[in-house]
Amino acid sequence: MSQQFDVIVIGAGPGGYIAAIRAAQLGYNVACIDEWASADGQPMLGGTCTNVGCIPSKALLQSSEHFEHAAKHFGEHGISLKDLKIDVPKMVARKAAVVKQNNDGILYLFKKNKVTFFHGRGSFVKAVQSGYEIAVAGAKPETLTGQQIIVATGSSARALPGLPFDEENVLSNDGALRIQAAPKTLGLIGSGVIGLEMGSVWRRLGAQVTVLEALPTFLGAVDEQIAKEAKKAFDKQGLKIELGVKVGEVKSTKKGVTVAYTNAKGEAQTLAVDKLIVSIGRVPNTTGLNAEAVGLKLGERGDIVVDADCKTNLPGVWAVGDEVRGPMQAHKAEEDGVAVAERIAGQHGHVDFNLVPSVIYTSPEIAGVGQTEQQLKAAGVKYKAGTFPFLANGRARALGDTTGMVKFLADAATDEILGVHIIGPMASELIAEACVAMAFRASSEDIARICHAHPSLSESTKEAALAVDKRTLNF
Ligand code: FAD
Ligand code: NAI
């Protein structure tokens, strides 16, 4: 006899667990299935984000940033340290403890919201009169029936053709977060978000890092002016980034990895490194779902095809997060999840991709929301731009972190804010003000007229808004 639920969510990453909680808040009887397990078979809720993504990467970024500050910047504050050392296994163990707190936090939230959790792989069995039958393959196999199904199975690292991850020498994001000693030399394929964040961690801890990127432009999706600043900062830090390369044969032996590639000038090169991280994007997790059993439509990339409302081709089956269209970001997956739960309840859940911020947690941090200058130019939109450098901000000077700027783009006629781009300290936090302003369709003058605390980094946001009208006060 199968257990009946109103809503079954497959996957407990940020898309799935948030959808499950929101559906439960709306009064539904909800089950959530997730297969992620620790080495001893315990459930690890939270998906890629919690286990091998957002949370552990930020823990290592924090530890490595502390180390770099202690090594390079404490002296300016009159603090001297002798025999500074980093205990990498301890750093990695701290990261694991942070992950565990988040895993347990989600289990607690499920109990609080009365979401029933099943540990194992969820897959479609068949359509039935009351919805769909879903099998759970795990230590305790179960069959569930749900009226509404939300698929939130996420994504996994894409490997180079013919080069599977061994997680010893050739690493995905998973292995990259478990390295136990800083390698002397580290190679990364792909200078996207993971390449820059992971490259930064291991560079700070002493690795000589080389990043090989296929595209001729650096961070093509980021506002060009901001991307240029970022490249300058990374060059200065010694992060070697080669653009426009064509990666050829990669050989992995016990001693390390060699990558044959052609550089932008067409010259044949070889990179020999102790370890190689391959960060060339991610592929949707849909192979274990038995989608064919019910005729769930998949796209060419193995993604689940959905409409603007996250509806699949099947009545009562929805899909959210990394395995559907849109940016692969945890907060976008969460927004999808909330919107779908609300649509199931007959409400009007809505996600505006233009207002989904993106952040790269390097130092300096890079954050943006809305349109970039190159996008506005391409669309023929008339705009005004204003920038303010952190060099002229008192708080940034006191922090000793003056790299970068805040940039505003506003409509030339109406002054409505069209995009905000930040490179610099705490850009990840500062961008929230821009998201709020743009959600309320504020003008740059609105921000320029709001009192911001002094001294604070957020004054740079106000000053950049003033710069749109060419009337900065501190620059
Ligand atoms: P996932 O988090 O991938 O979760 C899917 C879950 O479904 C997993 O637990 C999986 O085990 C489970 N599952 C899959 N198939 C089945 C099945 N058949 N049955 C049962 N369970 C199944 N995004 C940000 O916004 N900010 C960041 O700072 C950030 N940092 C990142 C750093 C790294 C190194 C990586 C790799 C990613 C990062 N991301 C970040 C991206 C973010 O992790 C993803 O966008 C997010 O996790 C997507 O959420 P999701 O719920 O769609 O999928
Ligand atoms: P990405 O899409 O950010 O970058 C991949 C890079 O690899 C691109 O620049 C691409 O041109 C390059 N590339 C692809 N094939 C290549 C090849 N054969 N040789 C050389 N270069 C090649 O993907 P990444 O870094 O793997 O991250 C995956 C996803 O995870 C991203 O979509 C991102 O949104 C998410 N993520 C988000 C973070 C955040 O929000 N802070 C942090 C880390 C990941």
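Counting starts at 1 for both ligands and their atoms, in listed order. Since we're looking at a predicted model, the values are computed, not measured. Heavy-atom basis, side chains included; hydrogens, waters and symmetry copies ignored.
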- Query: OG1/T48 to CH2/W36 distance, rounded to the nearest 0.5 angstrom?
  - Reply: 4.5 Å
- Task: For S57, counting its heavy atoms only, list the atoms of ligand 1 lying under 4.0 Å from any of them.
- Result: 32 (C)
- Message: Pairs of nitrogen or oxygen atoms closer than 3.5 Å, one from A214 and one from ligand 2: do any exist?
- Response: yes
- Query: Going by distance only, is there an N or O of I360 that falls short of 3.5 Å from an N or O of ligand 2?
  - Reply: no
- Message: Between ligand 2 and Y361, is the shortest N or O to N or O distance under 3.5 Å?
- Response: no
- Query: Heavy-atom distance to atom 46 (C) of ligand 1: which of P14, G13, S428 wins?
  - Reply: P14
- Query: With atoms numbered from 1 as shown, which atoms in ligand 2 lie under 4.0 angstrom from a non-hydrogen atom of L212?
  - Reply: 20 (C), 21 (N)
- Item | Residue-ligand contact L219/ligand 2, heavy atom below 4.0 Å | no
- Query: Would one find an N or O of E197, backbone or side chain, under 3.5 Å from an N or O of ligand 2?
  - Reply: yes
- Which heavy atom of the protein is the closest neighbour of atom 6 (C) of ligand 1, given with residue, atom name and distance? D34 OD2, 3.4 Å
- Task: Can you sort out which atoms of ligand 1 are near I10, meaning under 4.0 Å from one of its heavy atoms?
- Result: 17 (C), 19 (N), 20 (C)
- Note on the structure: With heavy atoms and a 4.0 Å threshold, my read on which part of K58 contacts ligand 1 is side chain
- Task: From the options M198, K58, R282, select the one whose nearest heavy atom is closest to atom 28 (C) of ligand 2.
- Result: R282
- Message: Only heavy atoms of L160, strictly under 4.0 Å: list the atoms of ligand 2 that pass.
- Response: 18 (N)
- Task: Answer yes or no for G120: is there a heavy-atom contact with ligand 1 below 4.0 Å?
- Result: yes
- Query: Do any nitrogen or oxygen atoms of I194 lie less than 3.5 angstrom from nitrogen or oxygen atoms of ligand 2?
  - Reply: yes
- Identify the closest protein heavy atom to atom 53 (O) of ligand 1: which residue and atom is it, and at what distance? G154 CA, 3.1 Å
- Under the side chain to side chain contact (heavy atoms under 4.5 Å, CB included) criterion, do T461 and V420 qualify, and how do the steps go? CA-CA 9 Å; T461 307; V420 176; 5.5 Å; no
- Task: Check for a donor-acceptor pair, side chain of D274 on one end and backbone N or O of K184 on the other, with a separation under 3.5 Å.
- Result: yes
- Query: Applying a strict 4.0 Å limit to heavy atoms, is S155 in contact with ligand 1?
  - Reply: yes
- Task: Could you list the atoms of ligand 2 found under 4.0 angstrom from a heavy atom of S279?
- Result: 5 (C), 6 (C), 7 (O), 25 (O), 26 (O)
- Message: Within the structure, is a non-hydrogen atom of G281 found at a distance of less than 4.0 Å from ligand 2?
- Response: yes
- Of the choices I280, I277, V359, V259, which has the non-hydrogen atom that lies closest to atom 16 (C) of ligand 2? I280
- Message: Under a 4.0 angstrom heavy-atom cut-off, which atoms of ligand 1 come close to A333?
- Response: 49 (O), 52 (O)
- Item | Per-atom contacts of ligand 2 with L215, taking only distances under 4.0 Å to non-hydrogen atoms | 11 (O)
- Pick whichever of E365, Q329, M328 has a heavy atom sitting closest to atom 31 (C) of ligand 2. M328
- Message: If the cut-off is 4.0 Å to any non-hydrogen atom of I189, which atoms of ligand 2 fall inside it?
- Response: 19 (N), 20 (C)
- Message: For atom 40 (C) of ligand 1, which of the options C54, C32, A19 provides the nearest non-hydrogen atom?
- Response: C54
- Message: I'd like to know whether N51 forms a side-chain hydrogen bond (donor to acceptor under 3.5 Å, both in side chains) with D174, so could you lay out the CA-CA distance, the side-chain angles of the two residues, the decisive distance to 0.1 Å, and finally the verdict.
- Response: CA-CA 8 Å; N51 293 308; D174 185 2; over 6 Å; no
- Task: Identify which of G47, G122, C49, A135 has a heavy atom lying nearest to atom 17 (C) of ligand 1.
- Result: G122
